[in-house]
Amino acid sequence: VIDLDPQSPLLWTPLQIEQLQASPLVPRILARQRAMLRAYSLLFPYLTQLDPVSFPPLAVTWERWRWAVVTVTQRAFHLPDPGMMVSCPGIAVLHNGHFVRDLTR
């Protein structure tokens with residue numbers, strides 16, 4: 001199941017983030033958003049030039065990239081090593097609240 005509207009501060013607008021200025025999370029959110037933008041800016045001009053059929057320039061937007069990053073990271077496990085994440089195909093089933101509730105009965 002893929003969440004088409006994931007709730008993540010990484011998708012928040014600058015106005016939404018501004019409302020949290022007192023939160024210690026704001027610098028982390030902004031740093032993560034900058035890292036995502038840097039990755040997008042470096043990766044997609046290269047990929048769209050290399051293979052425009054698979055990566056059409058108008059289809060791979062910043063908004064779609066942010067959604068994809070959030071969707072993938074929501075389904076990844078964070079390991080004790082800093083910055084390490086592991087994605088396990090099929091594990092998204094366990095993120096489904098109904099399925100988890102059934103397992104705990």
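Note that these values count all heavy atoms, side chains included, but never hydrogens, waters or copies made by symmetry.
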- Message: According to side-chain hydrogen bond (donor to acceptor under 3.5 Å, both in side chains), who are the partners of Gln19, at least two apart in sequence or on a separate chain?
- Response: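 Residues passing side-chain hydrogen bond (donor to acceptor under 3.5 Å, both in side chains) with Gln19: none at all.
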- Query: About how many Å separate CZ of Arg34 and CD1 of Ile29, when rounded to the nearest 0.5 Å?
  - Reply: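 Rounded to the nearest 0.5 Å, the CD1-CZ separation comes out at 11.5 Å.
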- Rounded distance [0.5 Å steps], CZ in Phe44 versus CG in Leu50: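 It comes to 12.0 Å.
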So, for [X] and [Y], which heavy atoms are closest and what is the spacing to 0.1 Å?
{"X": "Leu10", "Y": "Met36", "answer": "CD1-SD, 3.9 Å"}
{"X": "Gln33", "Y": "Leu11", "answer": "NE2-N, 4.4 Å"}
{"X": "Pro57", "Y": "Thr48", "answer": "CA-CG2, 3.8 Å"}

Tell me whether [X] contacts the main-chain N or O of [Y] through its side chain, where contact means a donor paired with an acceptor under 3.5 Å.
{"X": "Trp65", "Y": "Ala39", "value": "no"}
{"X": "Tyr40", "Y": "Glu63", "value": "no"}
{"X": "Arg64", "Y": "Ala59", "value": "yes"}

State plainly whether one hydrophobic cluster holds both [X] and [Y], where clusters connect Ile, Leu, Val, Met, Phe, Trp and Tyr through side-chain heavy atoms under 4.5 angstrom apart.
{"X": "Val60", "Y": "Val69", "answer": "yes"}
{"X": "Trp62", "Y": "Trp12", "answer": "no"}
{"X": "Leu37", "Y": "Leu30", "answer": "no"}

- Query: Does any non-hydrogen side-chain atom of Leu25 lie less than 4.5 Å from one of Leu20?
  - Reply: no
